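Every chain is numbered from 1 and lettered A, B, ... according to where its sequence line falls, protein lines coming before strand lines. Here the structure is a predicted model, which means the values were calculated and not measured.
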Amino acid sequence: MELEKAYEPQRFEPHWAEWWVASGIFHADPHAPGPRFSLAVPPPNVTGSLHIGHMLDHTVIDTATRWHRMRGDNTLFLPGTDHAGIATQMLVERSLAAEGLTRREIGREEFVRRVWEWKEKYGNRITSQMKRIGDSCDWSRERFTLNPDLSHAVLEAFVRLYERGLIYRGTYMVNWCPRCSTALSDLEVKHEDTQGSLWHIRYPVNGSSRYLVVATTRPETMLGDTAVAVNPADPRYQDLAGQTVTLPLMNRPIPIIFDEIADPKFGTGVVKITPAHDPNDLEAGKRHDLAQIKVIGEDARMTAEAGPYAGLDRFEARKRIVADLEKEGLLEKVEPYAFALSKCDRCGTIVEPLISTQWFVKTKPLADKAMAAVNEGRIQFVPDNWNRTFFNWMENIRDWCISRQLWWGHRIPAWHCGNCNKITVAREIPKACTHCGSAAIEQDPDVLDTWFSSSLWPFSTLGWPADTDDLRAYYPTTLMITGFDILFFWVARMMMMGIELTGDVPFRQVHMHGLVRDPERKKMSKTKGNVVDPLDINEKYGTDACRLWLLMAAAPGTDITYNEDKLNSARQFCNKLWNAARLLLMNMESSGVESSLPEPGQLEALEDRWIFSRLSRTAEKVNRDLEQHRYHEVAEELWQFFWHDFCDWYLEIKKLRLSPGSGLTNDWRNLLAVFSAYLRLQHPILPFITEELWHRFGQNTSIALARYPQVGATDETAEREMDLLQDMVTAARKLKADNGLDDKMELAGVLYCRNGASKVELPVLERLGKVKLEVRTGAAPVLTGAVRSTTYFDLLLQLPEVDRDALRERLVKDTDKLQKLILKIDGQLGSEKFLNGAPPHIVDELRSKRADYIAQIQKNRDTLDGL
RNA sequence: GGGCGCGUAGCUCAGUUGGUUAGAGCGCCUGCUUCACACGCAGGAGGUCACAGGUUCGAGUCCUGUCGCGCCCACCA
């Protein structure tokens, strides 16, 4: 049995996306108590693109899941997730590419059909629930008829919220994207700081030669002005009560009103009021009973109300209006002005605030309940610095516009009556208006914001509103893992909807990880073209290496910068693991040991006592860090243990002890037991390589079903003795390196030992350090030539030639450093406050450190004298 | 305008409640094609932890301020 020389992930790792699709894997007993998990990626009705950030989600949740599973928390489940959905889309796209086709060419329906075909193939139970929900969406261009049988959750949620008065229809100012031709919620609007202009326009006061000067960033809206406002407390305009101004270009008289909306300190203190095109003005307009004149339409062109400018694009109209004002001498000045421009998150088009009739969710009562859940600790954010952000948003939340004028999505289950104009909201397609009985009813053409159905995700996937076994077993879920970028879009809304509709929180803990950024630390986005395709890096470095990199980089509260160097070193780690296994298998063959992972033998040899002690400490820390979602620490700790303890020292010593034909000795038992424990510790992070090795060592059940190592005994004596051995070996190597010698050249020397240091196992020391030593006790009498000293020993080597200058330099530098440290310690030890204030063990430590430093300095001096 | 976070070795970043001579990976220098691994081994150089104060016996870690950077939220003409 021999392994391939290098780690070749492609040989045994399933393709990441493929495996991802199948990853609703851990269906243990659904009715046993214990933690439950959910993944965090928007469902596929949001046809997003897959990027490396999704792989982070998936890696973190999968790692957590495997760990719990191995610890014996046997009710792990991945409900309500659609990583699989998105991964499937990618696979379909790839298979299309192989056929030379694109998604667009085959059309939406065919694409969706293929996606479901893939999902069926994997028989994923979650995705089949997804299918039910997906089928209720309209994927065709013809406005569809909602099939109530297939959309229980969305339909039911809408109707219940409507009945409770939490959904209403109203006419308000909404964000309108002229390109997408739909209303947008506040969250879908991005503000971009822009350098624009502030136009100052003169409005002539009727019956006088006075002008009122108003400033605006959007001159085209002036056509819809129905008043100008001044602050009631502004002394400059007290005499204008009851007067009017003439709206330039339109030659319409409009009143001067007194309203707090005008800030006397800003500009001239006069504001134009355009109720149809500005939310503040709309409010002011309502207070003063002003007309709403809509001069810009849904298509971003000027309406008939815009008189001579009707039909012009809004920006073309702006140019003309400014020019015309200038011609008439009504443009006082133009000054540069920085303000936030609102753009559509999806397409970047400048959003137009328009008065329009839309459906809204009344969020305040829902937000209150969600905030209470966090306050009472029923939902916990990890790390908890997200609390503040969460509360800040929730406290200032505005009603959520949920209707969209798109051609696909869940259609709103509301019917308008042609007779009485009232609305019928129903679970079944109604035959007549419930208010007047008229059959002249028509379904509302709008569809729901995709985030509406997403917010139901934690329970809609489990069969809600039916009282299913799944729902009882898996709701609420234990842990929600996601990037912070969708805290508001999704997490907060799941909390609100979950609590409102089921009476319980959707999840107990939310772990928020960072975002993956490009090497310039910019957020990855398709429009910027700086996305890294996870499939590419997966193919290049391997799934496990990607996971390891992501986890090592994902310190809580920080973002990840995409960095190929780190990715590469993660792959090198995998190779190291692979090759250590290779060493074991090769030697097992020559020793006549079967490929198996036995229980440990007697712990007698120093390296065995030491490595098991280190293993215990590692296991303890790793378990603790996994519990606290400190995955980067886990990865770091396991890296350190394996590479620098296990490979660098333990394996090197064990290689000295193994011999051909020995059979399963005590050395082999311990070696294999440590390796076995390590594979299990590492499995949640590196599932594929560990699984593969597990089987190559003769196991025939999955390592995912094995026991996760827990805290064991530590052996401080062994750790101290090992430290000493390492120091001695290192001293020998350094002596050689200092004098320009190859470290494998064998040299003779004398080792002077004190304080029990002579207990060291000489043959091991000699072979690792490539030296031949005579051991004496006590201090070296006179230190001449090549020597390395510690408080425990002096190592003197017979060198062909000693670089005395280099030695002297090193000793002087070292002494200097030590003296500075002693100075610092003396400062503390000399202070009464320190001696009284510091804990005794700290004082003791400092004292013994000081003694060590003094001794080292003395050694250095002696050596210098000897030179 | 409000909120969050960052500034630690040439680069990318760790550093949980303040307490060994501040760490890792990459890069760099020196020596090694040693029979697990050159995706490697041994050794080394490199940091006044952005700056200025403060609290403390003790500060990369806590407080205040300054400078530089990033992100989120926000209807002020």
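- In summary, A:Asp544 and A:Arg571 do not engage in a salt bridge, as defined by a charged side-chain N under 4.0 Å from a carboxylate O.
- In this structure, CG of A:Asp738 is placed 9 Å from C1' of B:G44, rounded to the nearest angstrom.
- Following rounding to the nearest Å, A:Arg582 (CZ) and B:C39 (P) show an atom-to-atom distance of 14 Å.
- Listed by residue number, the members of residues 271-282 of chain A with any heavy atom below 4.0 angstrom from RNA chain B are A:Val271, A:Asn280.
- The distance between atom CG of A:Asp814 and atom C1' of B:G44, rounded to the nearest whole Å, is 15 Å.
- Applying the side-chain contact (heavy atoms from CB on, under 4.5 Å) test to A:Arg287 and every residue at least two apart in sequence or in another chain returns A:Asp259, A:Ile261, A:Glu283, A:Ala284.
- Remark: P of B:C75 and CG of A:Asp399 are 14 Å apart, rounded to the nearest angstrom.
- Side-chain atoms of A:Glu652 come within donor-acceptor range of the base of B:A36, with a qualifying N/O pair under 3.5 Å.
- Helical stems involving RNA chain B, defined as 3 or more consecutive Watson-Crick or G-U pairs under 3.5 Å, span B:1-7 with B:67-73, B:10-13 with B:23-26, B:28-32 with B:40-44, B:50-54 with B:62-66.
- Residue contacts shown for A:Tyr337 are limited to sugar-phosphate atoms, with no base heavy atom under 4.0 Å away.
- Take A:Glu564 and apply the salt bridge (charged side-chain N to carboxylate O under 4.0 Å, His left out) test, not counting sequence neighbours, and it matches A:Lys540.
- Comparing atom distances between the A:Phe834 side chain and each of B:C57, B:A45, B:C39 picks out B:C57 as nearest.
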Which pairs, protein N/O on one side and nucleotides 20-25 of chain B N/O on the other, fall under 3.5 Å?
| unit_1 | atom_1 | unit_2 | atom_2 | d |
| --- | --- | --- | --- | --- |
| B:U20 | O3' | A:Lys849 | NZ | 2.6 |
| B:U21 | OP1 | A:Lys849 | NZ | 3.1 |
| B:U21 | OP1 | A:Tyr853 | OH | 3.2 |
| B:G25 | O2' | A:Ser569 | OG | 2.9 |

Practice item. Using a 4.0 Å heavy-atom cut-off, write out nucleotides 69-74 of chain B from 5' to 3' as B (base contacted by protein), S (sugar-phosphate only) or - (no contact). Key: ---SSB

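- Here the straight-line distance linking atom CG of A:Asp345 with atom CG of A:Asp186 works out to 12.0 Å at 0.5 Å rounding.
- In the set B:G5, B:G15, B:A36, B:G5 carries the atom at the smallest distance from any side-chain atom of A:Asn385.
- Checked against ring-ring contact (aromatic ring centres under 6.0 Å, His included), A:Tyr211 has no partners two or more places apart in sequence or in another chain.
- Across B:A36, B:C41, B:G43, the shortest atom-to-atom separation from the side chain of A:Leu583 is found for B:A36.
- Among the atoms of the strands shown, base atoms are found under 4.0 Å from some heavy atom of A:Pro839.
- In this structure, A:Leu198 and A:Arg733 both approach RNA chain B, and ranking their closest nucleotides by distance from the 5' end singles out A:Arg733.
- Annotation: of the two residues near RNA chain B, A:Leu835 and A:Gly740, the 5′-most nearest-nucleotide partner is A:Gly740.
- Scored by the side-chain contact (heavy atoms from CB on, under 4.5 Å) test, A:Asp263 finds A:Lys265, A:Phe266 as partners (sequence neighbours excluded).
- The CG-P distance, from A:Asn579 to B:C41, rounds to 10 Å in whole Å.
- Side-chain atoms of A:Lys744 stay outside donor-acceptor range of the base of B:C32, with no qualifying N/O pair under 3.5 Å.
- With sequence neighbours excluded, the residues that form a side-chain contact (heavy atoms from CB on, under 4.5 Å) with A:Asn392 are A:Asn396.
- Going from atom CH2 of A:Trp386 over to atom P of B:G5 covers 9 Å, rounded to whole Å.
- Between A:His629 and A:His511, the two ring planes are parallel [angle under 30°; tilted spans 30° to 60°].
- Side-chain nitrogen and oxygen atoms of A:Lys736 include none within less than 4.0 Å of the OP1 or OP2 phosphate oxygen of B:G44.
- Annotation: side-chain hydrogen bond (donor to acceptor under 3.5 Å, both in side chains) contacts of A:Asn623 (sequence neighbours excluded): A:Trp67, A:Gln710.
- Across all strands, A:Thr558 comes closer than 4.0 Å only to sugar-phosphate atoms, never to a base (heavy-atom distances).
- Among the heavy atoms of the strands lying under 4.0 Å from A:Trp643 are primed sugar atoms or P, OP1, OP2 only; no base atom is included.
- Within the 4.0 angstrom heavy-atom criterion, no nucleotide atom of any strand lies near A:Lys820.
- Rounded to whole angstrom, the span from the CG atom of A:Leu184 across to the P atom of B:C75 amounts to 14 Å.
- Listed by chain and residue number, A:Glu620 satisfy the salt bridge (charged side-chain N to carboxylate O under 4.0 Å, His left out) test with A:Arg624 (two or more places apart in sequence, or in another chain).
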Taking only distance into account, with no hydrogens and no angle test, what donor-acceptor pairs under 3.5 Å do side-chain atoms of residues 633-643 of chain A form with protein atoms, sequence neighbours excluded?
| unit_1 | atom_1 | unit_2 | atom_2 | d |
| --- | --- | --- | --- | --- |
| A:Glu633 | OE2 | A:Arg630 | NH2 | 3.1 |

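- A:Ala262 comes within 4.0 angstrom of a nucleotide base, judged by non-hydrogen atoms across all strands.
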